[in-house]
Every structure is written in C-alpha cells, then in structure tokens.
Amino acid sequence: MKRELPKGYEPSEVEDRLYAWWESSGFFHAEPGDDGEPFAVVLPPPNVTGNLHIGHALVVSVEDAMVRHARMTGHNAVWLPGTDHAGIATQTVVERRLAEEGLTRHDLGREAFIERVWEHVGEYGGTILRQERKLGASLDWDREIFTLDETRSEAVKAAFRRWYADDLIYRGLRLINWCPRCLTALSDIEVDHQEVDGELAYLRYPLMGSDDPESGVTVATTRAETMLGDTAVAVHPDDERYAHLIGRSLRLPLMDREIPVIADAHVDAEFGTGAVKVTPAHDPNDYEIGQRHDLAMIDIITNEAAISEAGGAYAGLDRVEARRKVTADLDAQGLLAGVESHRHSVGVCSRCKTVIEPRLSEQWFVAVRRLADAAAAAVREGRTGFVPERNAKGFLDWLDNLHDWCISRQLWWGHQIPAWYDRDGNLHVPSDDPSPEETERLGLTQDPDVLDTWFSSQLWPLTTLGWTGEDGADVTPELRTWYPTAVLETGYDINTFWVSRMLMAGLYFAGEVPFRTVYNHGMVRDGQGKKMSKSFGNTIDPLDFIEKYGADALRFALLRAATPGQDAPLAEEWVEGARRFANKLWNAARFVLMVADETVATQGLPPEGLLELEDRWILSRLDATRATVDDAMTTWDLGRVARAVYHFVWDEYCDWYLELAKQRDDEAVGAVLVHVLDVALRLLHPLMPFVTEEIWRALHQASDDETLMRASWPAPDVARRDQAAESQFAALQEAVTELRRFRAEHRLSPAERLTVTADADAASRAVLEPALPGIRQLAGVGEWSFSTSATDEGPQGKVSMKGAELFIPLTGLVDLDEERARIERELATAHAERERAERKLANTGFVQKAPEALVQSEREKLVEWQTAIARLSGQREELAS
RNA sequence: GGGCUCGUAGCUCAGUGGGAGAGCGCUCGCCUCACACGCGAGAGGUCACAGGUUCAAAACCUGUCGGGCCCACCA
C-alpha cells in the first residue's frame with residue numbers, strides 16, 4: 001500500500017474535505033427511478049433561524065445512521081431536509097429586536113413587518129443547515145424546502161380549502177387559550193402546566209334581597225377577579241346541603257348582578273365548600289357548564305389580560321391587581337370568608353411562560369374527531385408501528401381524547417388564512433385566491449390571522465415529496481416511490497404536536513399513513529443524568545465538541561448511549577472516549593496498511609487450509625458481530641450496534657488478533673487483517689462516517705468515484721462461525737491472562753521468558769495444543785512442556801515456573817463431566833418444554849378457547865425450545881469429539 | 001387522579017430465565033517496533049426491598065419503598 005496515514009487521526013483535516021466531496025459527487029442524492037427498495041426519512045424541520053443544539057445532534061446522528069445503513073443495504077434511500085418558519089418563535093425574536101429600537105410590529109404595519117422577518121431569515125437562516133453538514137448528515141440537499149416557500153404555501157392553502165369543504169375546518173366562538181403577551185390564541189398543547197403557590201379565596205354570595213352575608217353560599221376560587229364574570233353558582237345535584245337553594249337567586253357582590261344557583265353533576269361536593277362559582281367565559285369547565293345550562297358568558301378580560309369594560313369599576317386593572325382589589329373589597333363588605341394558601345397548577349404559554357387566560361374568542365378550528373379516529377385506527381391496525389412499542393399507548397389515549405384544534409394565530413409571520421370577508425361580512429373560502437377585480441367588486445378583505453405552524457408541518461411527508469394539494473399519493477414520482485416514508489424519527493415529546501397531525505393529514509390527503517414506523521429517541525441529558533437547561537448551566541454545544549473531538553466522536557458518544565425511547569446522558573468524557581475509539585481504529589488501520597501486501601485488499605480470503613486458529617477465531621467473531629448488528633438494526637437499536645462494534649474492534653481485533661498477527665508474515669494474515677478491517681469499517685460507517693471513509697479509501701486506494709457510503713453492507717457469512725475455534729481461542733485467552741497475572745504478581749520484566757511446565761489431561765491438552773503458539777507469544781513463554789505424569793490429576797491446567805506454580809482454569813478444560821451433565825440437564829428441560837408446548841397446541845380445546853395471543857405465545861415458545869434443543873445438541877456433539 | 005418509566009460496580013448505563021457486564025473513575029506495572037488518544041494486571045456489586053412462580057430469577061408475577069416523565073377540568 002502506498003498510502004500512509006498520519007500517526008494520529010485528525011478529524012478537522014478529514015471531515016470538511018470528505019463532506020464537500022460527498023456532497024459535490026452527488027452521493028447524497030437519490031432519484032425515484034434509482035434501484036432498490038424505497039426508503040425515505042424526513043428530517044424534522046428545524047427552525048429556519050435556529051442553531052444546532054444537542055438534541056438536533058442526536059436526531060441527525062440517529063437518522064443519518066438509519067439512512068446510511070439503508071443505502072448500504074441496497075435501498076433507494078433518501079433523507080429529506082428543510083426548515084420551518086416557526087411562526088410564533090421567529091416572530092417573537094424579530095419583535096424583540098424591534099423593541100430594542102423602541103418599535104412594535106404595529107408601528108411598522110403588517111407588510112413592512114413581514115419584510116423585516118424575511119430580512120432576519122436572510123441574515124440568520126440557513127445557519128443550522130451548515131451545522132447539520134458539520135455532523136456529516138447525508139441529506140439530499142437538492143430536495144431542500146422551506147415551509148413558507150411558494151410550493152409549500154400552495155399546499156397549505158389547498159389543504160385548508162379541502163378540509164373546509166369537507167367540514168373539517170370551521171370558524172366559531174369557543175373558549176380558547178389566550179397568551180396575553182404573544183397576543184394570540186394557542187392550541188391546547190402549546191400550554192404548559194406549572195405548579196404555583198397561590199391562594200384559595202372563599203367568597204360569600206348572599207341570597208338576592210338579603211342583607212345577611214351568610215344567607216347564600218360560599219364559593220372558593222384561586223382567581224377571585226373572575227367573579228366579575230360569574231353568571232351562576234353550581235352545586236352537585238345530590239348535595240343535600242344546598243338542595244334548598246337550587247333554583248334560588250344570589251346577589252353577585254361588587255357587580256350587583258342576580259345569578260342563579262344551578263345543579264350540575266360536574267361539581268365535586270368534596271372540594272372546597274361544594275359550591276362552585278361559574279365563569280363560563282374564562283374557565284374550560286365553567287364554559288361547559290355554561291353551555292349545558294345556557295348561561296350568559298361575560299368576557300371580562302382584555303387581550304392584555306386586564307379587566308375589560310364588562311368588569312365595571314375594575315375595568316383597566318391588571319388581572320393580578322384586580323384579584324387583590326376584589327378580595328379586599330369583598331373583605332370590606334364582610335363577604336370574604338377566608339383565604340388559605342393553595343398549591344395548584346396554572347397554564348402558561350409554552351413559548352414565553354406567561355400565564356395564559358382562557359377566554360371566549362372567534363377562531364378557526366380543525367374538527368379532529370374523524371381525523372383522529374382514522375389515525376388511531378391506523379395505529380391499532382399496525383399500519384404505523386412505534387419503537388419502542390409502548391409509546392403507542394399514550395399516543396392512542398391522546399388521540400382518543402383529543403379536542404378540536406385551534407389553528408388560527410393572531411400573528412403576522414406564517415401562512416395567512418385563505419378566507420375572505422366581503423363588505424357584508426359574509427365568509428368566502430374560494431378554491432383560488434380571489435382576483436383583484438373580484439376583491440374590488442365584493443370588497444373582500446382577507447382574514448388577518450395566520451395558521452398554527454404545525455398546520456404546515458403536518459404536511460411535511462407530503463410536501464417534501466412535492467405534493468401541492470392533490471388527492472392521493474401518486475401525484476409525483478417522488479410520492480409514488482417514497483410515500484409512505486420508512487420511519488419518522490423524533491423525540492417522544494413531539495408525538496402529539498407533530499406525529500399525530502402528520503398521521504391525520506397523511507391519511508386524509510394521501511389515503512395512507514405517512515410513515516411505517518415512529519421511532520422515538522430520548523432526551524439528551526448531562527453526564528449526571530440531569531435535564532440540560534440554560535438555568536442549570538449544563539448545556540452542551542455540539543459544535544464545540546465537533547471542533548474538539550470530531551463529528552464522529554460526538555455521534556458515536558450519543559449513539560452509544562441511545563436506547564430507543566430512553567434518555568441518553570452525554571458528558572465530555574464520553575465524547576473523549578469515542579474520539580479515542582476513532583483513533584484506535586485509525587491506528588489499527590495504520591498497522592494493517594503497514595503489514596498487508598498491497599494486493600491483498602482485492603484478493604479475498606485465502607483457503608481454509610492456510611488459516612491459523614486466530615484467523616478462524618476472528619472471522620467467527622466478525623460474523624457474530626455482524627449478526628448482532630443486523631439484529632439490532634431491525635429496531636434501529638444503535639446503542640447496541642455501537643457497543644457491539646466497539647467491543648469487536650477494540651477488545652477482539654486490536655487487543656488479540658493484531659497482537660498475534662505481529663509475529664506472522666504469511667500471506668493469510670494480511671488478507672484476514674484487511675478483510676476484517678474492511679467489514680468492520682462497513683459495519684461502523686453509519687455511526688462514524690468520516691473516519692471509516694478515510695480509512696476505507698486508503699485501504700482500497702479508492703478513486704474519487706468510489707465511496708464507502710455506497711459500498712455494500714456485509715453479507716451474512718455463517719460458514720465462518722466456528723465454535724471450536726472460539727472455545728480453543730477462549731482457552732488461549734485465559735491461559736495468556738493467567739500467565740500475565742503471574743508475571744505481574746511476581747514483578748517479572750516483560751523481557752523475561754517464562755519456562756512453563758503444564759499439567760494437563762488428554763482432553764485439556766487437545767484443546768491447548770493448537771493455542772500454544774499464540775499463548776507463548778502473548779505471554780512471553782520461552783520453553784513450554786507438558787508434564788505427562790500428572791495427566792490424571794485433574795481438570796485444570798497447571799503451570800510451574802522457576803519453582804512457583806499456578807493453576808489455569810481454562811475454558812474447555814473445565815470438568816468435562818460436569819459440562820456434559822449440564823447440557824444433558826438442559827436438554828431434558830428443553831425436550832419436556834417442547835413437548836408441553838406441542839401438546840398444548842395440539843389440544844383442540846386450547847386452540848378453540850384460547851385467545852389468539854396465548855396461542856401465539858405457545859407457538860413462540862415451541863420455536864424457542866426447538867432452537868434450544870438444536871443448540872444444545874450441537875454443544876453435546878462438540879464435547880463428544 | 002390516571003398512565004408510563006427507572007432503581008445493577010464510586011458515576012452514567014447495557015443485560016431480561018442458567019457465566020454479573022461496559023465506558024469513565026480508582027490501584028499497580030509498562031514509552032513492548034499501530035496507537036501513551038496507548039498496553040498489561042487488579043480492586044470494586046446480598047443486581048432497591050419483601051413475597052411468589054421455576055430444577056434454576058438481576059431478569060417473569062404480586063406488593064412495598066424511592067426517583068423521573070407525560071396526561072388530566074378539582075374551582
């Protein structure tokens with residue numbers, strides 16, 4: 001081999017060069033007509049003006065590994081990139097910048113403001129795409145899109161119109177979540193719940209016409225100011241304490257309004273006083289009670305969460321001031337029965353953490369029932385599966401209880417709702433945007449609201465493949481080929497926001513699920529398993545780590561810790577460890593390139609007859625590792641893949657095989673070294689693309705159109721599995737370790753040769769003989785002899801040296817009788833269990849009455865025991881020979 | 001209140017019916033001609049607790065205790 005590698009692996013020298021070459025060579029690009037079974041993944045679109053954080057790094061690492069693996073296994077694989085306009089988030093940032101100039105968006109006006117946001121996008125947008133490249137993401141950049149580009153905007157409008165036409169979108173006055181800071185409505189899931197220490201105030205509402213404060217009822221509330229909008233008091237129908245009051249009227253203090261006492265089963269008689277003030281315009285429960293009892297709904301709160309004109313004397317006060325003043329005023333009138341501290345949860349805007357205000361508002365909604373039922377059915381029928389499976393349950397529960405989705409936002413940055421009002425106030429949702437003439441003629445004005453960001457992202461699997469609103473999934477070659485996509489990979493926290501909606505939209509518009517599998521990764525946590533957050537100061541910047549340790553190291557550290565659905569801790573030491581692994585691999589390759597003849601890379605493995613014990617062992621281990629990786633990849637358990645390859649490369653290939661290879665100069669060793677390295681590189685490539693590619697290119701003296709990322713995945717090579725070689729090699733390893741320990745305990749210098757006399761019976765000797773050259777080499781044994789005098793003494797090898805002696809408990813040398821007995825015992829169990837399963841399945845009563853799951857489980861057990869019998873029988877034969 | 005999840009070596013985690021493991025940290029010894037980003041040897045665990053199933057349990061079942069997460073309309 002001509003090509004020499006530098007002494008240490010330097011990621012910074014390699015990564016950018018390789019990435020540029022991959023990208024410019026079109027290795028990331030796929031066409032619908034390409035060979036192979038289709039395999040598509042959409043990258044969850046990051047905020048267009050965002051920066052890469054550690055969570056993205058995990059997403060990219062996992063998805064890139066999936067896609068690279070798919071490519072190597074012969075799929076027509078495509079990974080689709082893009083960015084999201086992130087309506088409320090982006091608008092908030094730009095508004096904040098305006099505020100620094102002392103301006104609000106209203107000072108600019110809608111058009112100029114949107115102009116500003118586009119400028120902001122121009123300035124900061126795309127950063128994250130460059131950062132994704134730093135990680136090695138093999139995204140098909142030719143297919144990059146943006147949720148607000150023209151084609152996607154067409155698709156959004158088309159989707160809106162079709163749902164409107166099908167009565168799945170409606171406009172109505174409903175109780176919604178209002179953020180008084182963002183000044184917009186929010187959907188239910190954009191509201192977080194926070195525990196706060198508040199006060200529970202007990203208010204007295206006297207009977208109408210009575211001066212006695214205690215004549216009526218006492219109600220409890222954490223939001224006293226809302227009493228200004230009360231239109232009833234509710235009690236439980238069976239609550240005897242209040243039976244006599246049902247139907248009577250109370251005087252609402254401060255407002256001097258007459259309100260009825262009503263009975264509603266929703267009221268919990270056990271809580272508080274058992275009587276509830278009802279504010280239909282400002283509480284979800286009260287809203288429902290209000291609807292049931294046809295109560296008046298008085299909106300007493302303004303957009304900014306102050307008291308409105310409807311609040312009488314309190315108008316203009318902030319809701320918190322109003323709360324204080326209301327309780328104080330009631331107290332002054334003897335109508336405050338008490339105040340106690342009370343811990344409860346309040347809804348806050350998930351974006352700005354301002355306490356949201358439930359209020360009545362005219363908004364657009366998606367009627368979710370039909371859509372949600374279809375999505376739930378698809379999951380229940382297994383058309384879309386979850387990894388881990390258990391996540392399906394929560395998802396289904398959520399779908400089953402879903403409320404209508406408020407999709408209008410009082411923002412400017414986003415897709416403006418394609419609905420117009422004429423001069424008489426009539427609503428129009430035309431199938432095309434109205435022409436200027438039409439607009440003029442009817443005096444049309446477009447609805448000023450924009451759509452929830454997730455309305456456009458729900459179309460992502462469709463729009464990334466070119467869909468613009470048509471019916472069906474066959475309208476573009478891309479959709480025909482790649483829809484449904486293979487797997488949707490995301491954090492479990494996004495299942496409700498995004499996954500559910502894609503499922504609903506995909507089923508509706510394309511008639512089929514948008515992805516076969518939902519794979520949920522966990523959250524990245526710090527090295528102590530704590531949540532990363534800015535306030536803890538334990539956040540990690542992935543770019544720092546890439547610069548310090550390389551992208552492969554960061555990826556590998558993340559993936560090694562990643563078990564599907566489990567949170568993954570990450571600490572700098574882990575990344576450092578992964579960097580060391582990359583370097584280890586690099587240096588193993590340097591060794592291989594040094595000793596291997598330059599022709600061996602193309603020659604394949606030598607005939608069986610030329611292989612030594614260690615050759616047969618490492619080839620057997622290699623295929624075992626390959627099998628583990630293949631198995632783990634069926635559920636994309638990348639943590640298992642990482643651990644298996646790491647162990648193989650470091651502990652088996654480097655620590656044992658390479659050490660033994662050093663003393664050999666036959667042709668076989670070079671060929672095996674190269675072959676094993678080549679397969680290991682391919683197994684590892686999806687996880688560590690850069691270092692593996694760089695080594696592979698040197699190993700194969702590859703030209704510029706040959707790339708590991710398009711090389712074939714290692715095929716099963718079960719013929720190389722060699723149980724005999726593995727147990728003989730295990731004997732070697734244990735003997736060597738024992739001798740090294742002896743050396744360490746006796747403080748012998750490495751240079752000193754050991755003289756060994758080993759006691760061994762015939763069976764032990766048979767196992768040991770083939771391993772002897774290796775043992776002598778690795779343990780530094782000069783003379784080795786077997787003592788024949790003690791062959792009957794016992795099962796253990798016994799080694800003496802210069803008067804000291806030790807015993808070597810060698811695998812394969814242990815008590816053969818006991819081993820035999822163990823196998824026989826297990827075989828007996830296996831046979832018995834197999835027969836039991838067979839009987840059970842043959843029993844018609846069992847089959848007829850047993851639930852399908854039970855029958856299935858019995859069948860599986862049968863297969864398991866049959867496998868066990870095969871395995872044990874194999875072991876028995878081996879032992880016999 | 002409901003659901004999910006975790007409790008294994010000092011730390012972070014794999015393991016899910018027959019052997020208790022990894023990385024980091026720790027101790028001792030090595031610049032051995034791929035690698036000191038390294039090599040070798042070692043210490044360290046009643047696998048949360050209590051019952052049960054099994055010839056056999058860290059693993060399966062039941063319960064208890066303790067962490068975490070999600071959902072929910074207790075004013």
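Throughout, protein chains are lettered first and strands after them, A, B, ... in sequence-line order, and every chain is numbered starting at 1.
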Exercise. Considering only the C1' atoms, how many Å lie between B:G42 and B:C65, rounded to the nearest integer?
Worked result: 36 Å
Problem set entry | Gap between atoms CD and P, on A:E694 and B:A34 respectively (whole Å) | 21 Å
Problem set entry | Spacing between A:E288 atom CD and B:A72 atom P, to the nearest angstrom | 14 Å
Exercise. Rounding to the closest angstrom, what is the interatomic distance between B:G21 and B:C33 at atom C1'?
Worked result: 34 Å
Exercise. Is the shortest side-chain N/O distance from A:H342 to OP1 or OP2 of B:A75 below 4.0 Å?
Worked result: yes
For this session: Scan A:N391 against the nucleic acid and name what it touches under 4.0 Å (heavy atoms): base, sugar-phosphate only, or nothing.
Result: nothing
Problem set entry | Nucleotide nearest A:T221 when distance is taken to its side chain, options B:A75, B:C4, B:C35 | B:A75
Exercise. Taking N and O atoms by type only, does the side chain of A:H266 place a donor or acceptor under 3.5 Å from a partner on the base of B:C73?
Worked result: yes
Exercise. At what distance, to the nearest 0.5 angstrom, does CD of A:Q663 lie from CG of A:L778?
Worked result: 8.5 Å
Problem set entry | Pairs touching residues 644-655 of chain A that satisfy salt bridge (Lys or Arg N to Asp or Glu O under 4.0 Å), sequence neighbours left out | A:R621-A:E652
Problem set entry | Residue-phosphate contact under 4.0 Å: A:R740 side-chain N/O, B:A41 OP1/OP2 | yes
Exercise. What nucleotide, of B:G42, B:A34, B:A75, holds the atom closest to the side chain of A:A588?
Worked result: B:A34
Problem set entry | Atom-to-atom span, CG of A:D192 to P of B:C69 - whole angstrom | 13 Å
Exercise. Just how far, in rounded Å, is P of B:C37 from CZ of A:F545?
Worked result: 19 Å
Problem set entry | P gap between B:C35 and B:C28, integer Å | 26 Å
Exercise. If you check the A:N583 side chain, which of B:C37, B:A75, B:C73 turns out closest?
Worked result: B:C37
For this session: Give a yes or no on whether a donor-acceptor pair under 3.5 Å exists between the nucleobase atoms of B:C37, that is its base, and the side chain of A:K584.
Result: no
Exercise. Looking across every strand, which nucleic acid part, if any, lies under 4.0 Å from A:E659 by heavy atom: base, sugar-phosphate, or nothing?
Worked result: base
Problem set entry | Partner residues of A:R204 under the salt bridge (Lys or Arg N to Asp or Glu O under 4.0 Å) criterion, sequence neighbours left out | A:E214
Exercise. side-chain contact (heavy atoms from CB on, under 4.5 Å) with A:N587: which residues, sequence neighbours excluded?
Worked result: A:N583, A:R590
For this session: Under 4.0 Å between any heavy atoms, over every strand shown, what does A:R579 touch: base, sugar-phosphate, or nothing? Just pick one.
Result: base
Exercise. What residues form a salt bridge (Lys or Arg N to Asp or Glu O under 4.0 Å) with A:E572, not counting sequence neighbours?
Worked result: A:K548
For this session: Ignoring backbone atoms, test whether A:W398 places a side-chain nitrogen or oxygen under 4.0 Å from the OP1 or OP2 oxygen of B:C4.
Result: no
Problem set entry | Nucleotide B:C70, atom P - distance to CG of A:N520 in whole Å | 14 Å
Problem set entry | Whole-angstrom distance between B:G29 and B:C61, as gauged at atom C1' | 50 Å
For this session: Tell me the partner of B:G19, counting only Watson-Crick (N1-N3 plus N6-O4 or O6-N4) or G-U wobble (N1-O2 and O6-N3) with both under 3.5 Å; none if nothing fits.
Result: none
Please list each protein N or O that sits under 3.5 Å from an N or O in nucleotides 12-14 of chain B, with the distance.
from	atom 1	to	atom 2	distance (Å)
B:A14	O2'	A:R643	NE	3.2
B:A14	O2'	A:R643	NH2	3.0

Exercise. Within the structure shown, what part of the strands sits under 4.0 Å from A:L658 by heavy-atom distance: base, sugar-phosphate, or nothing?
Worked result: base
Exercise. So which one's nearest nucleotide on RNA chain B is more toward 5', A:H344 or A:V191?
Worked result: A:V191
Seminar exercise, completed: Atom CD of A:Q733 and atom P of B:G19 are separated, to the nearest Å, by 20 Å
Filtered N/O pairs between nucleotides 25-33 of chain B and protein, under 3.5 Å:
from	atom 1	to	atom 2	distance (Å)
B:C28	O2'	A:R747	NH2	3.4

Exercise. Roughly how far apart, to the nearest Å, are B:C30 and B:G68 at atom P?
Worked result: 47 Å
Problem set entry | Any donor-acceptor N or O pair under 3.5 Å, side chains A:E734, A:T737 | no
For this session: In whole angstrom, give me the gap between the C1' atoms of B:A22 and B:A57.
Result: 22 Å
For this session: Report yes if at least one side-chain N or O of A:K277 is closer than 4.0 Å to OP1 or OP2 of B:C74; otherwise report no.
Result: no
Exercise. When the distance from CZ of A:F591 to P of B:G38 is rounded to whole Å, what number comes out?
Worked result: 18 Å
Problem set entry | B:C4 to B:U62 separation - P atoms, rounded to the nearest Å | 11 Å
For this session: List the atom of A:P6, the atom of A:W586, and the distance in Å for their closest heavy-atom pair.
Result: O-NE1, 2.8 Å
Seminar exercise, completed: To the nearest angstrom, the CG-C1' distance between A:D651 and B:A22 comes to 9 Å
Exercise. With a cut-off of under 6.0 Å to the ring centre and 45° to the axis, is A:R740 in cation-pi contact with A:W656?
Worked result: yes
Exercise. Hey, does A:Y646 reach any base, or is it just sugar-phosphate, or nothing, if we go heavy atoms under 4.0 Å?
Worked result: sugar-phosphate
For this session: Return no unless some side-chain N or O of A:T496 is found under 4.0 Å from OP1 or OP2 of B:C70.
Result: no
For this session: Could you list the residues that satisfy salt bridge (Lys or Arg N to Asp or Glu O under 4.0 Å) with A:R560, not counting sequence neighbours?
Result: none
Problem set entry | A:F395: partners by ring-ring contact (aromatic ring centres under 6.0 Å, His included), with sequence neighbours left out | A:F386
For this session: Sequence neighbours left out, what passes ring-ring contact (aromatic ring centres under 6.0 Å, His included) with A:F648? Give chain and number order.
Result: none
Problem set entry | P atoms of B:C47 and B:C73, separation to the nearest Å | 43 Å
For this session: Inspect the surroundings of CD in A:E547 and state if more than 12 heavy atoms from other residues, nucleotides or ligands are less than 6.0 Å away.
Result: no
Problem set entry | Residue A:D268, side-chain heavy atoms: nucleotide from B:A36, B:C74, B:C4 that is nearest | B:C74
